[in-house]
Amino acid sequence: MANKLKERVDFLLKSHLPIALKPSQIIESIRSGIVRIFTLGITAYDTPGSVNGLEESLVSLQSMETTFSYFKEGINSNANTKFKNIIKLFKKGKNLLLSENNFNNFDRMLFLKEIVNPLYAGLLEFQNLNNTLLEPYKKHAQNYKAKNIFDVNFINANFYSELVYLPLDNKKTIKLGKLLFNDPLLSNSGKMSCLTCHSPSKGFADGLPKSVSNKKGTFGARNAPTLLNAGYSTCYFLDMRASNLETQVAHVIDNPLEFNTTFKVIINKLTKNNNYRKLFKDAYGGIHKQTINQKSISNAIAAYVNSLKSFNSLFDKYVRNEIKEYPENAKRGFNLFMGKGTCATCHFAPVFNGTTPPFYLETE
């Protein structure tokens, strides 16, 4: 056994110790660590049994401060002031975590506004001032050019749609997708559209226990979820049978209680429509000899759904310091959501869906 242990130790010494970390990797690790503290640490996701998330977060923050302090040697003179400010933020963050030993009472809104977001932004500014390259080591959805965890571009939605027919941020396809989304022509009955179950007035959901179907008096198996921020997921439906927004469309098309049709039928309908022929040619011309096809239809609808974002609420503006006032009861609600209520252990910030931080690679 001792020989086996020695073999393993020798292997680790040879394979891990020679690895040299780049300054960019260190800052990347710290910034991701800050995201983890806020989303999984102070929410008790990492400590569901012991509820000692504040204590663990304190240790994590201390480790980040120690690691960052090594940048003091050989620092670019332009970055010296920013370095000192970041050290002050680390100390202030530790004091906040130390001063509150009651998990339920910890002010997470204050921690977000005064520590998490300033640190996240400050480290990026330090990286630029210190002439440290911004070269993310790990491929993931987090956008390291973002300055605030609740910035619109904090998570890169394109990460989840790399293999689609055409990039989902195309203005022409988004416009076409909205028309298709609203058009009952796509359904077999000619009476049901995507809008039937995903109403803008209800947050692109339906507000019902179970969604209506194409058969009077019959309902679907589940209710329709919101489509807001749907683009920030790696899979869809409760059983996660669809891997992206494009493949999700097909499950509505052939569902006997929903559109109850086929792409072949829809293609024939759209091809007979002069306006749709023009719009599809304008958006997808030159990609395939038949511009109206299953992929282009799915892509257009997916592009529109992907465009439905919700980062413009009072909350988002407040935590981005775009507005100064925010209701006190909403602050209490946020603290309850992120703490005692444990809502945030399933609904992860900043999108508050099931895509798990800090790298947002998987959706629960």
Side-chain angles (χ1 to χ4, degrees), residues 28 31-32 34-36 38-40 43 45 112 116-117 120 136 138-171 173-174 177-178 181 194 197-198 200 202-205 222-249 251-252 298-317 319-320 334 337-338 343-364:
E28 177 182 359
R31 294 185 87 206
S32 293
I34 291 167
V35 174
R36 184 176 189 93
F38 176 66
T39 57
L40 305 178
T43 62
Y45 178 91
L112 170 64
V116 173
N117 277 334
Y120 195 78
K138 183 178 177 66
K139 180 178 172 60
H140 48 68
Q142 192 185 139
N143 174 19
Y144 279 107
K145 292 183 180 179
K147 295 182 179 180
N148 188 298
I149 289 178
F150 287 90
D151 276 350
V152 175
N153 64 344
F154 173 72
I155 299 178
N156 180 15
N158 291 335
F159 174 85
Y160 306 106
S161 57
E162 288 184 308
L163 304 178
V164 295
Y165 191 56
L166 204 66
L168 300 185
D169 55 0
N170 186 303
K171 291 182 179 179
T173 59
I174 292 171
K178 184 175 182 178
F181 187 92
C194 303
C197 295
H198 299 283
K202 296 177 181 176
F204 287 93
R222 306 183 183 100
N223 61 343
T226 179
L227 296 182
L228 294 173
N229 301 323
Y232 300 106
S233 296
T234 59
C235 44
Y236 298 87
F237 296 106
L238 188 63
D239 55 10
M240 303 195 174
R241 63 187 183 273
S243 58
N244 59 50
L245 285 175
E246 281 187 341
T247 57
Q248 178 270 334
V249 174
H251 294 269
V252 177
S298 299
N299 180 263
I301 296 174
Y304 173 62
V305 173
N306 185 67
S307 73
L308 303 175
K309 306 287 178 20
S310 69
F311 291 100
N312 200 36
S313 68
L314 283 177
F315 168 80
D316 295 302
K317 292 177 180 179
V319 296
R320 290 196 299 256
F334 174 77
F337 185 98
M338 295 293 289
C343 312
T345 59
C346 290
H347 301 276
F348 304 108
V351 182
F352 299 113
N353 66 357
T355 304
T356 53
F359 301 122
Y360 304 94
L361 294 173
E362 299 177 354
T363 302
E364 293 188 342

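Keep in mind that this is a model prediction, so the values were computed, not measured.
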Checklist entry - Where the side chain of Asn229 meets the backbone of Ser310, is there a donor-acceptor pair that is under 3.5 Å apart? => result yes
Checklist entry - Could you give the distance from CG (Leu227) to CZ (Phe181), rounded to the nearest 0.5 Å? => result 5.0 Å
Checklist entry - Do other residues, nucleotides or ligands put more than 12 heavy atoms under 6.0 Å from the NZ atom of Lys145? => result no
Checklist entry - Would you say His347 and Phe337 make side-chain contact, with heavy atoms under 4.5 Å? => result yes
Item to check | Note, Leu112 side chain near Asn117 side chain (heavy atom, < 4.5 Å) | outcome: yes
Checklist entry - In terms of side-chain heavy atoms, does Thr43 have a donor or acceptor partner in Thr345 at a distance below 3.5 Å? => result no
Next on the checklist: Keeping Glu246 on the side-chain end and Tyr165 on the backbone end, is there a donor-acceptor pair under 3.5 Å?
Outcome noted: yes
Checklist entry - Does a side-chain heavy-atom distance below 4.5 Å link Asn299 with Val164? => result yes
Item to check | Interatomic distance, Ile149 atom CD1 to Arg320 atom CZ [nearest 0.5 angstrom] | outcome: 13.0 Å
Next on the checklist: I'd like to know if the side chain of Tyr236 reaches the main chain of Thr247, judged simply by a donor and an acceptor atom lying under 3.5 Å from each other, with no hydrogens or angles considered.
Outcome noted: no
Next on the checklist: So that I know where these two stand, are His198 and Phe204 an aromatic pair - ring centroids less than 6.0 Å apart?
Outcome noted: no
Checklist entry - Regarding Tyr144 and Ser32, is there a side-chain donor-to-acceptor distance under 3.5 Å anywhere? => result yes
Item to check | Main-chain N/O of Tyr232 paired with Asn353 side-chain donor or acceptor, under 3.5 Å | outcome: yes
Checklist entry - Any donor and acceptor pair, going by atom type alone, linking the side chain of Ser233 with main-chain N or O of Thr363 inside 3.5 Å? => result no
Item to check | His251 ring center within less than 6.0 Å of Phe237 ring center | outcome: yes
Next on the checklist: Tell me whether Asp151 contacts the main-chain N or O of Asn148 through its side chain, where contact means a donor paired with an acceptor under 3.5 Å.
Outcome noted: yes
Next on the checklist: I need the Thr39 OG1 to Ile34 CD1 distance, nearest 0.5 Å.
Outcome noted: 11.5 Å
Item to check | Modelled atom types, side-chain donor and acceptor of Asn244 and Ser161, under 3.5 Å | outcome: no
Checklist entry - Do the ring centers of Phe348 and Tyr45 come within less than 6.0 Å of each other? => result yes
Checklist entry - How many angstroms lie between OH in Tyr304 and NZ in Lys178, if you round to the nearest 0.5 Å? => result 5.0 Å
Next on the checklist: Taking the ring centre of each residue, are Phe150 and Phe315 less than 6.0 Å apart?
Outcome noted: yes
Checklist entry - Around atom CD of Glu362, are there more than 12 heavy atoms of other residues, nucleotides or ligands at under 6.0 Å? => result no
Item to check | Contact summary for Pro350 and Ile155, nearest pair of heavy atoms | outcome: CD-CD1, 4.0 Å
Checklist outcome for this item: Value for OG1 (Thr356) from CZ (Arg36), rounded to nearest 0.5 Å, stands at 9.0 Å
Item to check | Side-chain donor/acceptor of Asn143 to backbone N/O of Asn153, under 3.5 Å | outcome: yes
Checklist entry - Which of these passes ring pair (Phe, Tyr, Trp, His ring centres under 6.0 Å) with Phe154: Tyr120, Phe159, Phe311? => result Tyr120
